[in-house]
Novice: 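Got a structure for you, questions after.
Just so it is clear: chains get the letters A, B, ... in the order the sequence lines come, proteins before strands, and each one is counted from 1. Just so it is clear, the model here is predicted, and its values are computed rather than measured.
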Number of protein chains: 2
Amino acid sequence: MAIKYAILGILSARPQTGYDLKKAFAGSAVLHWSGNNNQIYTTLSDLLKAGLVTKEVQPQEKHPAKSVYTITDQGLAALKEWALSRPDPPEYRSDFWIRLMAVGQLTGAEFTQLLDQYEQEVHAQLLMQQELARRGHAIATKSPREERLQDLIMDGIAGFYQRELEWIGKLRKELR
Amino acid sequence: MAIKYAILGILSARPQTGYDLKKAFAGSAVLHWSGNNNQIYTTLSDLLKAGLVTKEVQPQEKHPAKSVYTITDQGLAALKEWALSRPDPPEYRSDFWIRLMAVGQLTGAEFTQLLDQYEQEVHAQLLMQQELARRGHAIATKSPREERLQDLIMDGIAGFYQRELEWIGKLRKELR
DNA sequence: GTAGTCATGTAAGACGTTACATGATTCT
DNA sequence: AGAATCATGTAACGTCTTACATGACTAC
């Protein structure tokens, strides 16, 4: 359950509400989860029970009350311990590969259509990623060093899509 | 449920048993699922009910009887239709990015340790992928063209890990 | 008026994994 | 003696997604 640590990681920069976390998840490709209510609010209450965060309810005049969550020393220690444990390798998946298994069923024109569609999809992702990068950091940072890190990760993600586009080009050339 | 189409895709090359499918899943990074019994055998029985495959039980002398599944014309049509529908973009995820959110909690030595561990993990994946490629095609193919396709996909996957290693090198340089 | 923001929470279901269950044969 | 291969199936559980539910305020 890495989302637990993702939330601890976000809270380690500054105290935030569940709603703030939702926006962070929506605005960052690093946080690959959908950022749905169910996971965020239930995980926050789990973290609270475990003593890794504290909760402070702040009433507001013109809006519903918010619950601001702050990471505890225990939470910081748990985050650090997990960070130094053995990392999982990165994941690379594409259902396009599965679609290519149907190539025997396709005409040449249909194969070209399939490639074009995938290329468009990847290109759209690249643009979206560049837009996210342009908008700035969805995740709060505490230092210029952490900011630089976030930028390097976002460059890496954009580079991934660029490489995928090059790979599609290679497919086109070699299977004409 | 793309695994359904993954199974149809594998069966489109030749009739196979659930056990054969398990081996295909285990021996290919393209099929990113674990290849566990539950998913394979239940999906096969779903496909049978839907008329997308047929089943033939073959008794054996020295081993348990096998159930060989063959894709039907309906199955081929369903596979083709799905293949030409809008593809999902490729997925790129790494929990290492989440771990980096804890960088404020780490000393310089611990940060280096984290990078080293991740690099080792990625390197191990690269070697494993190259070993899979060396062993040849876990997924049956019907033509040299399809074989070439599988090779290009496997090259792409190895290239992904290589790029990730380069990215780690960049992190090292820029955050020293 | 219609959509978007602010704000929190629950229900139902899809998808995926590990572990359990059985049992003969073959290789080291 | 122990591990691997052949072969199929079920149970329990963890994870993640969409949709439901509520309600005031604000901008076009």
Side-chain angles (χ1 to χ4, degrees), chain A residues 1-7 10-11 15-50 53 55-69 82 88-89 91 93 95 98 135 138, chain B residues 1-7 10-11 15-50 53 55-69 82 88-89 91 93 95 98 135 138:
Chain A
M1 228 222 284
I3 198 174
K4 168 177 155 183
Y5 296 103
I7 288 178
I10 303 171
L11 291 179
Q16 287 172 73
T17 66
Y19 192 75
D20 293 332
L21 292 175
K22 268 196 80 151
K23 282 186 290 184
F25 277 88
S28 171
V30 175
L31 279 5
H32 67 261
W33 296 270
S34 71
N36 64 91
N37 293 354
N38 202 333
Q39 257 184 316
I40 289 178
Y41 290 108
T42 58
T43 303
L44 278 173
S45 89
D46 289 350
L47 290 172
L48 185 64
K49 261 182 243 157
V53 299
K55 172 180 171 174
E56 193 202 346
V57 179
Q58 290 179 358
Q60 297 181 115
E61 274 172 33
K62 310 215 164 172
H63 288 292
K66 20 171 165 179
S67 298
V68 181
Y69 291 88
W82 174 76
D88 286 331
E91 276 173 33
R93 301 173 172 185
D95 79 4
I98 315 283
R135 269 194 241 167
Chain B
M1 224 223 284
I3 199 176
K4 170 178 153 183
Y5 296 103
I7 289 178
I10 304 172
L11 291 181
Q16 285 172 73
T17 67
Y19 192 75
D20 293 331
L21 292 174
K22 268 196 80 150
K23 283 186 289 182
F25 277 88
S28 170
V30 175
L31 280 4
H32 66 260
W33 296 271
S34 71
N36 64 90
N37 293 355
N38 203 334
Q39 259 185 316
I40 289 177
Y41 290 108
T42 59
T43 303
L44 278 173
S45 88
D46 289 349
L47 290 172
L48 186 63
K49 261 182 242 158
V53 299
K55 173 180 170 175
E56 193 202 348
V57 180
Q58 290 180 357
Q60 297 181 114
E61 273 173 33
K62 309 214 164 169
H63 287 292
K66 17 170 164 178
S67 299
V68 181
Y69 290 86
W82 175 76
D88 286 332
E91 276 173 32
R93 303 172 171 185
D95 80 3
I98 316 281
R135 269 194 241 167

Novice: Ignoring hydrogens and geometry, is there a side-chain-to-backbone donor-acceptor pair from A:Asp46 to A:Thr43 under 3.5 Å?
Specialist: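 No, the answer is negative, given that no donor and acceptor are paired below the 3.5 Å cut-off.
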Novice: What's the separation between atom CD in A:Gln39 and atom CG in A:Leu21, rounded to the nearest 0.5 Å?
Specialist: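 Taking CD in A:Gln39 and CG in A:Leu21, the distance rounds to 12.0 Å.
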Novice: Mind listing the closest non-hydrogen atom pair of B:Tyr19 and B:Tyr41 along with its distance?
Specialist: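 Smallest interatomic distance, heavy atoms only, reads N-OH, 3.6 Å.
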Novice: Give me the first and last nucleotide of DNA chain D, going 5' to 3', that has any atom under 4.0 Å from a heavy atom of chain A.
Specialist: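 Taking any atom under 4.0 Å from a heavy atom of chain A, the span is D:dT15 to D:dT26.
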Novice: Using a heavy-atom distance cut-off of less than 4.0 Å, which residues of residues 17-28 of chain B contact DNA chain C?
Specialist: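 The stretch gives none, as no residue of it lies under 4.0 Å from the strand.
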Novice: What string of B, S and - do you get for nucleotides 22-28 of chain C, 5' to 3', if B is base contact, S is sugar-phosphate-only contact and - is no contact with any protein heavy atom under 4.0 Å?
Specialist: -B-SS--
Novice: Work out which heavy atom in B:Gln16 is nearest to a heavy atom in B:Leu11; give both atom names and the distance.
Specialist: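 Closest pair (atom of B:Gln16, atom of B:Leu11, distance): N-CD2, 3.6 Å.
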Novice: Indicate the atoms forming the closest heavy-atom contact of A:Leu44 with A:Gly18, along with that distance.
Specialist: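 Taking every non-hydrogen atom into account, CD1-CA, 3.7 Å.
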Novice: Kindly compute the distance separating CD (A:Glu56) from NZ (A:Lys66), expressed to the nearest 0.5 Å.
Specialist: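 Answer rounded to 0.5 Å: 10.5 Å.
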Novice: So how far is it from A:Thr42 OG1 to A:Ile3 CD1, rounded to the nearest 0.5 Å?
Specialist: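 Nearest 0.5 Å value for the OG1-CD1 distance: 8.0 Å.
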Novice: Provide the closest heavy-atom pair for A:Ala65 versus A:Pro59 in the form atom of the first, atom of the second, distance.
Specialist: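 So the two residues come closest at CB-CA, 4.0 Å.
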Novice: Any chance you could measure A:Trp33, atom CH2, to A:Ile40, atom CD1, to the nearest 0.5 Å?
Specialist: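 The CD1 atom of A:Ile40 is 11.0 Å from CH2 of A:Trp33, to the nearest 0.5 Å.
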Novice: Give the residues of residues 30-49 of chain B touching DNA chain D, defined as any heavy atom closer than 4.0 Å, sorted by residue number.
Specialist: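 Contacting residues: B:Asn37, B:Asn38, B:Tyr41.
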Novice: Hey, what do you get for OH (B:Tyr69) to CD1 (B:Ile7), rounding to the nearest 0.5 Å?
Specialist: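 Those atoms lie 10.0 Å apart.
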Novice: Please table the atom pairs, donor to acceptor, closer than 3.5 Å between any side-chain atom in residues 22-29 of chain A and protein atoms at least two apart or in another chain.
Specialist:
{"unit_1": "A:Lys22", "atom_1": "NZ", "unit_2": "A:Asn37", "atom_2": "OD1", "d": "2.8"}
{"unit_1": "A:Ser28", "atom_1": "OG", "unit_2": "A:Val30", "atom_2": "N", "d": "3.1"}

Novice: Would you mind reading off the bend of the helix from C:dG1-D:dC28 to C:dT28-D:dA1 from its two end axes, five pairs each, to 10 degrees?
Specialist: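 The two end axes of the helix from C:dG1-D:dC28 to C:dT28-D:dA1 meet at 40°.
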Novice: Return the CD1 to NE2 distance between B:Ile98 and A:His32, rounded to the nearest 0.5 Å.
Specialist: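 B:Ile98 atom CD1 to A:His32 atom NE2 measures 7.0 Å (nearest 0.5 Å).
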